[in-house]
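Chain identifiers are assigned alphabetically (A, B, ...) following the order of the sequence lines, protein sequences preceding nucleic acid strands; residue numbering begins at 1 within each chain. Since we're looking at a predicted model, the values are computed, not measured.
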There are 2 protein chains.
Amino acid sequence: MPQSGKHVTLKDLAAHAGVSRSTVSLVLQESPLVARHTRERVMAAARALGYVYNRGAATLRSARTATIGVVVHDIANPFFGAMVAGIDETLQNADYVSLLASTGDSPARQERLVTRLREQRIDALLLCPAENTPDTLTDTMADWGLPCIEVMRHIGETPRGHYVGADIRTGLARAVAHLIHHGHRRIALLTGTGYSSADRERMMGYQQAMHEAGLAPDIRTGRNELTRRAGLERTLEIMNEPTPPTALICHNDLMALGALLALARLNITPGAECAVIGIDDSDEAALSEPALCSIATHPHAIGRAAAGLALACLAAPDNDPRRIVLETSLRIRASADHTLHRSRESS
Amino acid sequence: MPQSGKHVTLKDLAAHAGVSRSTVSLVLQESPLVARHTRERVMAAARALGYVYNRGAATLRSARTATIGVVVHDIANPFFGAMVAGIDETLQNADYVSLLASTGDSPARQERLVTRLREQRIDALLLCPAENTPDTLTDTMADWGLPCIEVMRHIGETPRGHYVGADIRTGLARAVAHLIHHGHRRIALLTGTGYSSADRERMMGYQQAMHEAGLAPDIRTGRNELTRRAGLERTLEIMNEPTPPTALICHNDLMALGALLALARLNITPGAECAVIGIDDSDEAALSEPALCSIATHPHAIGRAAAGLALACLAAPDNDPRRIVLETSLRIRASADHTLHRSRESS
DNA sequence: GAACGTATTTGGATCGATCCAAAACGCTCA
DNA sequence: TGAGCGTTTTGGATCGATCCAAATACGTTC
C-alpha cells in the first residue's frame, strides 16, 4: 500500500500480484488474452489494495471514458427527470454513465459547463440547449470531434447536427382540432420568450393549425420562465382581459398546471368554462384535479433514443446528422374534455 | 493544427506561440510569474488552435480537477433542483463545477456512480445516500481521501463523516404543536419504508412530539416511493379506514400535495376536515389550492452550506467531521390553518 | 529432447500536463 | 564593460495507463 494520500497504481497491483504492469492493464480491460488464474490474482490484489482506476490517465492513450455528458436548462422540470431515467437505462447496458449539469438557461453558463465536461473527456454530449445559444456551438462540437445530440431544443433555425425530439406540431394540430371540435374559437398559446427552438416550434405548429381552421392565432409570449408559478400568474392576467380566450395551450405541463390553479382562484371551472392543454404528459397531469389534458412527448423514450443515438455514433463514427422525431399523442382528460358553454364563447 | 481527430496539446501551443511547453503550462495556470506579453501570445495561440485543456492529464501531476460530484436519490424531487441551484451558486465563485448523478435510490447503482466519479478524479462528493447504503461507504471515502459531505440523509445510525441537514425534529415538534393547538388528536405521520435516516429522523421527531403531548403516535410506513402519486394513493387508503386521522404530516411536499389531491377526491375539505402538512416548503406549496402548510427546510441554503463545507475541506484538509444543521420553520398555510370541526374529531 | 504452434506475458515508448532546478534575460550600478 | 540581482523562461523527469512488438511459456507431436 503506498503511503497515505497517494493513489494505488498499476505498479502497486503488479508488485502485489507478481505480474507486469501490462498484464494488470490487460486484466482491467477484461482482455480475453489473460489466463484465468492470472486474472484472479490481479483482481484479488485490486480488492486488497483498494485500487481506483484513473480514467484521466487512461485517456492519454485510449480515447474513451465511457461517460456521457447531459446538459439541460432546467433540472426542476419533471420532463428531464423522466428523460434522464431513460438515458441512464440505456447507458447502463453499455457500461456507460451519464453526468448531468444544469445551465439555468444561461448560454454563458452552458458554454462553461460544456467546456468543463470536454476537459474531463466525456465521449459524447446530450444537450438541451439554453435559449439564445449561438450557432457557433455546433461548430465547436464538430471541431472537438465530440458527438453531440441536441434534444428537444436545437441550436439555430434548424438542427445542423444530430437531433432527437418529439413531433410537437402534429400534437398541436390535434390539440387545436380537439378544442375546435369542442366549440372553442378563442384559443391562445401560452409560451416563453419565442426565442428558443422549442418556443418557435410550438408557435409555428399552433399558427399553422389555427390558420388551417380559419381562426385568428393568439400567441402569448412572455418572460423566460416556464414554471407553474409563471403559468398561474400569466393566466390570471389573461383571464382579466375583457374578452379572454376560452382555451389555453401551454408551453409545458408545469405552466398548464399553474393555469389550472389560476382558473380555480378565479372561480372559472377548468374544462367547462376554459379548456387547458399542456405539453409533456408528466406523471402529475393525470393526478391533478381536474386531470390535465396533455400532448404526450414521452420523455423516457426521448432519453432512450438520445442515448441510443450517442452510443451508435460512438460505435460507428460517421458525420451524417441523424434526426429522430418521436410521435406525440393527445391524452384527453377533463381539463379539455367538455363542450364549451355557448354563452361564454359569444360574450 | 494537428491532424483531424487529435487534440491540440501544450506542444502545439508552444510551437505556435514560440515559447516552451512549460511556459504554456504556467500561462494556463494563470501563474503570476509569466510576462504579460508572453501570456497574451499563448492565449492567442490557444484561441487560434481551439485548445481544450485535458484535466485527466493534469491530474497525473497536480491533484485537483475543480469538480465536485453530487449524487442524489431522486432527481425528480423539487428539493434537489433547489439544492443544486444553491450548490452551483456557491461553486461558481470558486471556479468549481458540479456534476450530478441520480441513483434512483439503489445502493448498487450508487456505488457504481460514486466509483465512476472517483475514477474521473472529482475533488469532493456531496451525497444524499440511497436507502440501505452500507456503512462501509464512509470507510471507502476515507480510504480514498475523498472529502464526502452527506446531505439530508446520512449513512448509518449517526453520521460518521461530514453532514449537512435541516432540523427536522424541531420542525416536527412545531407542526405537532400547531395541529394540537388547532384541536387535532389523531395525527398521523406518512413516511417511507422507515429505513433511511430521513425516515428515522422524521419518525423519532414525530414520536417524541406526540409522546410529550400525551398522544398516541400513528406512523404510516410504506413502500420506498415518496411521490405525489404515492401520497395520493396512500391517503385514499387511510381515509377509508373507520377512524382515520384528522391530520397528516407527510414525508415531503410531494406526498403532501398528493394527499391534498386524495382529500379533494373524497370530498374531504383539506384544512377544515383534515389537516395536511408537508416537509420542504417547495415553491409549489404556496401555489396549491389550498396552500400547503409545510416545514421549510431551505434546500437552496442546504446546497450552499454543503458546497461551502466541501470547499472548506479542500482548502484546509482536516479530518474532523463537521455537522451543519440548518433551522427549519413552519410555514402556516390553509391546509393546516383551521380549527378542527368538533364532530369529526369525536367520531 | 527438439521442433513447432499457440497462448500468455512482458517492457519500453508514448500520451498531455506539471513540477522544479537550472538557464537565460534584462536592468542597474560601480 | 562586467558583476550582481531579480524576473522570466526552459527542459527533462515524472505522473498512471495503454499500446504493441517481442519475449517467454506452455502443450503437443515426432
Side-chain angles (χ1 to χ4, degrees), chain A residues 1-3 5-43 45-46 49-67 116 118-121 144-145, chain B residues 1-3 5-43 45-46 49-67 116 118-121 144-145:
Chain A
M1 188 63 169
Q3 53 177 303
K6 284 292 291 172
H7 296 294
V8 177
T9 67
L10 288 204
K11 184 177 170 185
D12 306 310
L13 291 197
H16 198 270
V19 299
S20 79
R21 292 171 296 109
S22 298
T23 302
V24 172
S25 179
L26 290 172
V27 170
L28 294 179
Q29 294 176 67
E30 297 178 8
S31 167
L33 299 179
V34 184
R36 182 195 190 122
H37 69 273
T38 305
R39 187 184 313 120
E40 287 169 350
R41 232 166 51 239
V42 172
M43 295 314 292
L49 299 183
Y51 172 74
V52 176
Y53 194 70
N54 185 336
R55 285 187 187 265
T59 61
L60 289 185
R61 288 288 284 174
S62 72
R64 297 279 164 80
T65 57
T67 306
R116 288 297 292 268
R118 190 56 187 146
E119 289 169 359
Q120 293 275 25
R121 294 297 195 264
W144 284 349
Chain B
M1 189 62 169
Q3 53 177 306
K6 284 292 292 174
H7 295 295
V8 178
T9 67
L10 289 205
K11 185 177 171 185
D12 305 311
L13 292 197
H16 197 270
V19 297
S20 78
R21 294 171 296 110
S22 298
T23 302
V24 172
S25 180
L26 290 172
V27 170
L28 294 178
Q29 294 176 67
E30 297 178 10
S31 168
L33 299 179
V34 184
R36 180 194 190 125
H37 68 272
T38 305
R39 187 185 310 121
E40 287 168 350
R41 237 168 47 238
V42 171
M43 295 314 292
L49 299 185
Y51 172 75
V52 176
Y53 196 70
N54 186 334
R55 286 187 185 267
T59 61
L60 290 185
R61 288 289 282 176
S62 72
R64 296 279 163 81
T65 57
T67 307
R116 287 298 290 268
R118 189 55 186 146
E119 289 170 359
Q120 293 276 24
R121 293 300 193 260
W144 285 349

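- Toward the 5' end of DNA chain D, the nearer of the two residues Ser22(A) and His37(B), judged by each one's closest nucleotide, is His37(B).
- Checked against dT8(D), dG16(C), dC19(D), the side chain of Leu60(A) finds its nearest nucleotide in dG16(C).
- Lys11(A) has its NZ atom 14 Å from the C1' atom of dA17(D), to the nearest Å.
- To the nearest angstrom, P of dT10(D) lies 13 Å from CG of Leu10(B).
- Under 4.0 angstrom from either OP1 or OP2 of dA17(C) there lies no side-chain N or O belonging to Gln29(B).
- Leu26(A) comes within 4.0 angstrom of a nucleotide base, judged by non-hydrogen atoms across all strands.
- Between Thr23(B) and dT10(D), a side-chain N or O to OP1/OP2 separation shorter than 4.0 Å is present.
- Here the P atom of nucleotide dC19(C) and the CG atom of Leu28(B) are 12 Å apart, to the nearest Å.
- One can place CZ of Arg61(B) at 12 Å from C1' of dG16(D), the figure rounded to the nearest angstrom.
- Here dT10(C) is the nucleotide among dT9(C), dA17(C), dT10(C) with the atom lying nearest to any side-chain atom of Ser20(A).
- Using modelled atom types, one finds no donor on one side chain facing an acceptor on the other under 3.5 Å when comparing Thr67(B) with Gln120(B).
- Residue contacts for Ser25(A): at a heavy-atom cut-off of 4.0 Å it reaches a base atom on one of the strands shown.
- Here the closest heavy-atom approach between residue Ala46(A) and residue Leu13(A) is recorded as CA-CD2, 3.6 Å.
- Within the nucleic acid shown, Val19(A) comes within 4.0 Å of sugar-phosphate atoms alone, with no base atom in reach, counting heavy atoms only.
- Rounded to whole Å, the distance from CZ on Arg36(B) to P on dT8(D) is 13 Å.
- Looking at heavy-atom distances under 4.0 Å, Val24(B) makes no contact with the nucleic acid at all.
- Applying the 3.5 Å distance criterion, the base of dG12(C) shares a donor-acceptor pair with the side chain of Arg21(A).
- Computed from coordinates, the Leu33(B) CG to dG6(D) C1' distance equals 12 Å when rounded to whole Å.
- Residues Arg55(B) and Thr65(B) come closest through the heavy atom pair NH1-O, 3.0 Å.
- In this structure a side-chain-to-backbone donor-acceptor pair under 3.5 Å is present from Arg41(B) to Ala17(B).
- Per the geometry, CD belonging to Gln120(B) stands 14 Å off C1' belonging to dA17(D), to the nearest Å.
- Arg64(B) places its CZ atom 20 Å from the P atom of dA17(C), with the value rounded to the nearest Å.
- No contact: Thr59(B) has no heavy atom under 4.0 Å from any strand.
- Leu49(B) and Val8(B) get closest at one heavy-atom pair: O-CG2, 3.2 Å.
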